[in-house]
Number of protein chains: 4
Amino acid sequence: MSLNTFGHLFRVTTWGESHGPALGATVDGCPPNVPVEEAMLQQWLDKRKPGQNKYTTQRREPDAVKILSGVFEGKTTGTPVQLMIENTDQRSKDYGDISEKFRPGHADITYFQKYGNRDYRGGGRSSARETAARVAAGGLARAALETLAPGIEIKGYMTRMGVHEIDRSRIDWDEVERNPFWTPDAVAAGVFAEYLDGLRKSGSSVGAVIEVVARGVPAGLGAPIYGKLDTDLAAAMMSINAVKGVEIGEGMGAAELTGEANADEIFMSDDGQPVYSSNHAGGILGGISTGQDVVVRFAVKPTSSILTTRQTITKSGEAAEIITKGRHDPCVGIRAVPVGEAMMACVILDHLLLHRGQIGENQGTIG
Amino acid sequence: MSLNTFGHLFRVTTWGESHGPALGATVDGCPPNVPVEEAMLQQWLDKRKPGQNKYTTQRREPDAVKILSGVFEGKTTGTPVQLMIENTDQRSKDYGDISEKFRPGHADITYFQKYGNRDYRGGGRSSARETAARVAAGGLARAALETLAPGIEIKGYMTRMGVHEIDRSRIDWDEVERNPFWTPDAVAAGVFAEYLDGLRKSGSSVGAVIEVVARGVPAGLGAPIYGKLDTDLAAAMMSINAVKGVEIGEGMGAAELTGEANADEIFMSDDGQPVYSSNHAGGILGGISTGQDVVVRFAVKPTSSILTTRQTITKSGEAAEIITKGRHDPCVGIRAVPVGEAMMACVILDHLLLHRGQIGENQGTIG
Amino acid sequence: MSLNTFGHLFRVTTWGESHGPALGATVDGCPPNVPVEEAMLQQWLDKRKPGQNKYTTQRREPDAVKILSGVFEGKTTGTPVQLMIENTDQRSKDYGDISEKFRPGHADITYFQKYGNRDYRGGGRSSARETAARVAAGGLARAALETLAPGIEIKGYMTRMGVHEIDRSRIDWDEVERNPFWTPDAVAAGVFAEYLDGLRKSGSSVGAVIEVVARGVPAGLGAPIYGKLDTDLAAAMMSINAVKGVEIGEGMGAAELTGEANADEIFMSDDGQPVYSSNHAGGILGGISTGQDVVVRFAVKPTSSILTTRQTITKSGEAAEIITKGRHDPCVGIRAVPVGEAMMACVILDHLLLHRGQIGENQGTIG
Amino acid sequence: MSLNTFGHLFRVTTWGESHGPALGATVDGCPPNVPVEEAMLQQWLDKRKPGQNKYTTQRREPDAVKILSGVFEGKTTGTPVQLMIENTDQRSKDYGDISEKFRPGHADITYFQKYGNRDYRGGGRSSARETAARVAAGGLARAALETLAPGIEIKGYMTRMGVHEIDRSRIDWDEVERNPFWTPDAVAAGVFAEYLDGLRKSGSSVGAVIEVVARGVPAGLGAPIYGKLDTDLAAAMMSINAVKGVEIGEGMGAAELTGEANADEIFMSDDGQPVYSSNHAGGILGGISTGQDVVVRFAVKPTSSILTTRQTITKSGEAAEIITKGRHDPCVGIRAVPVGEAMMACVILDHLLLHRGQIGENQGTIG
């Protein structure tokens, strides 16, 4: 069961609301003896932290993570790790309007219809702040991966903002850290900046596509059916707020290809490993990793909080108009980059443990 | 844990290989007192059955489902329902070539790398035949939905085959049953026919996009995080063989929209229900159903079995060439339509039960 | 998966160690709109709190529970409830001895053998302090039960301390709160007092049997196989530290009975409900509640921390002697009473939700 | 979720009723490359098979297990193993009486109250025939254990029948196979025979205690909390029909001991392994195996089907009398022996996989 839990063996349960005292992640099943300290997690939270530039919400949160359990003398013990982030900037304000009216595109109306109540302060549980807990848990997953499978590298970046897409021939992973959009295309970074500035000033917002790549994942992770690596990656990404689409490798574009165009031919490398002529599959065949880059993309919808008046209704069913003021991200996709990376790290670690549990060291070898 | 299991309360575990004696689905958690008989399930299996026209594999399987448990005197008892489908057309042939060589685009190599063995007969567990078990389970889910929430209608159809897409203004649900592609656009049906005929004759294959809509789903199903209705739908569709992308509502296209374009404004209907100006959200806000049509799309890659020679390797690491002969679907997307419907039925029923478990009858009402 | 999680729909994950900054319970799946405030949980924690009399450990912990999430305006929201208890009395001391030597009867050696490390401070994760988190979660379960099924009453009490057993003819629930042993037999309370005083003074310890009864549980909770109400109760009680046996109804004694002696005959009550001539079954038949009192008993072993020297080994495999000084309960069974009640509350609530999920309101009625 | 499923990674879902066409177990998560054939499973089913002597039901069932999936060329593939047992002796008879009246001590009334229906033929899902599926799955678990951890030996035997208990000084594992009661005490076998013969002739029945020992289990299996090895063993045994109590090591008797009497002192063996002066703990400390024998006991209640008239009610609430004729075991505990062994095998294997998943090969070593 998993209303607020993700993962099979490395299990992350997030908790907390935008304007409560704290939020966090309870992480069960982490391998023991993984060196971890708060600073190792904090680096990823700092990537996601709001208020770092004019393109993200001006809410100021230090997002300082505290490890409350499961780590002793600098190493994980194998028991649950509690990662807590206190909410500090719970700016006092009048929520009266939002508490009565449902914001279009937000979860307000469906939460109320489901639960018969709603923590309307800053979106409550549906706030993008929840993703801070994911990033903290993802930091722990990265630390564990470093111990268990040192060669794995996980990198997320923006490939599309609204109508503008990157040029794939210009992808440069080093560029990602150099611009506020985490995009690997330096030219696109300039285009995105100007584009988003315009949208931001007009009180509008826009969607984005994020690609997350895991390099160095060993072949053999995943399962044929249901427990497929791609099933869990799709679930992981779709579970992030505002995500509306997920792709593996060619993704939706695979529908347009013929069998000849889509087949990744197989060869032996000089060092006796299978290599492929291409990676249409996104590193996953039949639910199981091939050893190539695992490639996932997801689309984030535009922030629903905009300055244009929209029609809505109140809790009592009256027609109403609403303008969503406040501190919002014009492109929430930017801060989704470290979140996508965190989910990738959690899924890969989880499947490493699952694979080790079922198969141990005796997996098949070619040649 | 769910290597071969799907669902939280309505749990489907499929088992069986392409060329073993049988395959099936063990369904646990079905509500009791649901009227069900084999013919009710068989109707959906007949939609998926191979060999019905020249566009699907010529393997001849009756795909007759037997109910071995959990139904007594024509009604479910509330205990596990075992749905078994015997394999009859296990044509004796020499698998020598496939048993040694890995077919590009197939799960052959990754299965071997994971398990150190592989049932190479017809793909074994990775065969599309596994989806017959899903369709049987989906039939049971439909029967349960009819009892629990009679107004729900689930319809799947093809919206793209390779480079050809339907015209959405021509969508007509009645048309879906009239052509072998399960497409709702009569004009597209003709285009698809000619296009696929050419591909089939040249021994090629092509991908497709399937859309599945659930109409009449009550508001309130799902959960804010991880256990989101869209998370489970994405997982459900991505768990089907050959699926590479999943979209909810606008899907990947949401990335291109502004907040103004994407917002579904809310009104009250004359009969006192919330209604929306549009359905960009695909019927799900914040992980919870809105009461609008739930709209999911997924892309199926082209069948990897093609008549063109491809480069590959053998189990012992030798370079080799392979041509995949045999009885294959040139567009496996066609038979994915009833499979997508089945997964939708399972997810909706599962979330109905989850919602009833946590909330009971006391959900929120507007007005 | 459930290394540190208990429950199907009402899911409790506890976290934290004896001497870390805090411990707690992450509770997912709680029904919404349950009135709850910290004081409602605190009353049960106060029952379990150490240092209240000479029969329990002199460690002084306020065990004050804080609700960090999932409750808004005095009601549960349906999202995860985080219950945190800060550790305050982490008396600074030299753990050198315990850190190197394994205490017999404690988890020291097995933790080390499993994880290759161990938080030796006060037992770390294996400390009885973990049960404070269970009691907090149980308080939330009780609050939810009060909303969903108001007639249910849960009562735990001690029926045996070492060689002394209560006289069942003297059971009086009102007596339970009047003595420090939570025993329902006033005479036994006196016997226990004298007996335990002697053991305490000699630095010894002793085991106990706790009985927990749930009155007013509706018929129909549970499942025939695996998910049986008694399976989950047995797991719940056995999951508590130091528990070595669990019984339902007649328990181990059922082995000595004949079919005639064991059968609870069935009659109709004057108000048209099935009633039974006896309750050998402990309120559960075929895994499903009968509507009678649900009766569970469990045995708690004697505290392993005693003042007598015992032989042991060190981490490096050297022979050693150990005396466990410190603040310990001579009969940890006393404080197990509220813990057993908490587990009962969690199991009953969980099964109420499961039953509602699968069956809804349509269960069978007799007559 | 686990209404009819048991286990975390090695997951067994049983299905089927007493008088349906078949019953079986769907086993997911089995390690690949385990040599297994039907005869290896059949040997355990033959132990449980009815009609072998006058002390068990005269129903004649071959209980022949068929492997329908997950095994290829004599080895497990790592995908689901379907184990099916066809029901052959579904003696046609008039169930009219049982279909209307609830048999005291049976699940009849609670099933009806839960589900609003009931498969009354031979107990339906609550029939002891369900345990045949467990025994088949346990056989597979044993085969996997033989591959993964060859030194493990699992042995179950009867230690009490009604008022008669074995003399522990006479325990001889070789004796177990020599008498129809699977008791390790040759003298007790004679006593049990005479005792049960008398009960059988008078149409009565009696309970029993079964002990199951796993020898050679490595130290380190289990988890500190909830996922404890003893939690899962308790759940496993309590999930068997008619079981009312479960004990680990000293069990309920631990309550009577002092800390001095209960402590198992620790020494180093000559070959550098920790050894213990005694095994009060039953091989489990803090939820984790010590390397000693894992010792579990459970009590089976007397068969409720007896020839003495009992008072009951009908579905419509009328008072009635009932005598349960038919083919029944006077001491169902006899056939519970292989069932208990099967559950032990499943739990140990499951925890081996869990341990390997979380910890791998890097567990702690002493010395």
Side-chain angles (χ1 to χ4, degrees), chain A residues 1-4 6 8 104-105 107 110 112-114 116 125-126 160 204-209 219-220 223-227 230-231 234-235 238-239 244-248 251-252 254-255 257-260 262-263 265-266 268 285-286 288 299 301-302 306 308 310-313 317 364 366-367, chain B residues 1-4 6 8 104-105 107 110 112-114 116 125-126 160 204-209 219-220 223-227 230-231 234-235 238-239 244-248 251-252 254-255 257-260 262-263 265-266 268 285-286 288 299 301-302 306 308 310-313 317 364 366-367:
Chain A
M1 186 56 37
S2 56
L3 292 179
N4 290 276
F6 189 81
H8 305 270
T110 51
F112 180 74
Q113 286 179 302
K114 182 176 192 75
R125 182 70 179 146
S126 72
R160 171 184 286 280
S204 184
S205 66
V206 76
V209 173
I225 302 288
Y226 304 116
D230 26 15
T231 299
M238 197 63 98
S239 79
K244 301 301 284 184
V246 181
E247 301 186 314
I248 308 290
M252 298 304 293
L257 300 180
T258 62
E260 292 77 16
N262 188 60
E265 292 182 284
I266 317 175
M268 286 303 277
L285 274 176
I288 299 171
K301 71 177 185 181
I306 48 177
T308 307
R310 313 306 297 168
Q311 298 299 315
T312 190
I313 57 172
I366 291 169
Chain B
M1 187 54 38
S2 56
L3 292 180
N4 290 276
F6 190 82
H8 305 271
T110 51
F112 179 75
Q113 286 180 301
K114 182 177 192 76
R125 182 70 180 147
S126 72
R160 169 185 288 278
S204 183
S205 66
V206 76
V209 173
I225 302 288
Y226 304 116
D230 25 16
T231 299
M238 197 62 98
S239 79
K244 301 301 285 185
V246 181
E247 303 185 311
I248 307 289
M252 298 303 294
L257 300 180
T258 61
E260 292 77 15
N262 188 59
E265 294 182 285
I266 316 174
M268 285 303 276
L285 274 176
I288 299 171
K301 71 177 184 183
I306 49 177
T308 306
R310 313 307 296 168
Q311 299 300 313
T312 190
I313 58 173
I366 292 168

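Here is how names work: the chains are called A, B, and so on, in the same order as the sequence lines, proteins then strands, and each is numbered from 1.
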query: So which of A/G317, A/A263, A/A219 has the biggest tally of heavy-atom pairs under 4.5 Å with chain B?
result: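 Among A/G317, A/A263, A/A219, the one with the most close pairs to chain B is A/G317.
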Ignoring hydrogens and angles, tell me if any N or O in the side chain of [X] forms a donor-acceptor pair with the backbone of [Y] under 3.5 Å.
{"X": "B/K244", "Y": "A/G251", "result": "no"}
{"X": "B/T258", "Y": "A/V206", "result": "no"}
{"X": "B/S239", "Y": "A/I225", "result": "no"}

task: Go through the atoms of A/S126 and report whether side chain, backbone, both or neither lie under 4.5 Å from a heavy atom of chain B.
output: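 Neither the backbone nor the side chain of A/S126 comes within 4.5 Å of chain B.
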field: Segment of A/A208 engaging chain B (4.5 angstrom heavy-atom cut-off)
entry: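 Backbone of A/A208 only, per the 4.5 Å heavy-atom cut-off to chain B.
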Are [X] and [Y] packed together at the side-chain level, in the sense that at least one heavy-atom pair is separated by less than 4.5 angstrom?
{"X": "B/F112", "Y": "A/I366", "result": "yes"}
{"X": "B/M252", "Y": "A/V209", "result": "yes"}
{"X": "B/I248", "Y": "A/M238", "result": "yes"}

message: I need the A/R310 CZ to B/I266 CD1 distance, nearest 0.5 Å.
response: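 A/R310 atom CZ to B/I266 atom CD1 measures 11.0 Å (nearest 0.5 Å).
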message: Nearest 0.5 angstrom please: A/I313 CD1 to B/E265 CD, how far?
response: 12.5 Å
Look at [options] and state which one has the largest set of heavy-atom pairs under 4.5 Å with chain A.
{"options": "B/G116, B/A223, B/A254", "result": "B/A254"}
{"options": "B/G286, B/G245, B/A234, B/P224", "result": "B/P224"}
{"options": "B/P104, B/S205, B/G105", "result": "B/S205"}

Can you see which heavy atom on [X] is nearest to which on [Y], and at what distance?
{"X": "B/L285", "Y": "A/T110", "value": "O-OG1, 2.8 Å"}
{"X": "A/P302", "Y": "B/G259", "value": "CB-N, 3.5 Å"}
{"X": "A/A255", "Y": "B/R160", "value": "CB-CD, 3.9 Å"}
{"X": "B/K114", "Y": "A/G220", "value": "NZ-O, 2.9 Å"}

- prompt: In chain order, what residues pass the side chain to side chain donor-acceptor pair (under 3.5 Å) check against B/Q311, with sequence neighbours excluded?
  reply: B/E321
field: Region of B/I306 in contact with chain A, defined by heavy-atom distances below 4.5 Å
entry: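 Looking at B/I306, just its side chain touches chain A.
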message: Working note: A/E260 + B/S204, criterion side chain to side chain donor-acceptor pair (under 3.5 Å); need CA distance, chi angles, decisive distance, verdict.
response: CA-CA 7 Å; A/E260 292 77 16; B/S204 183; 2.7 Å; yes
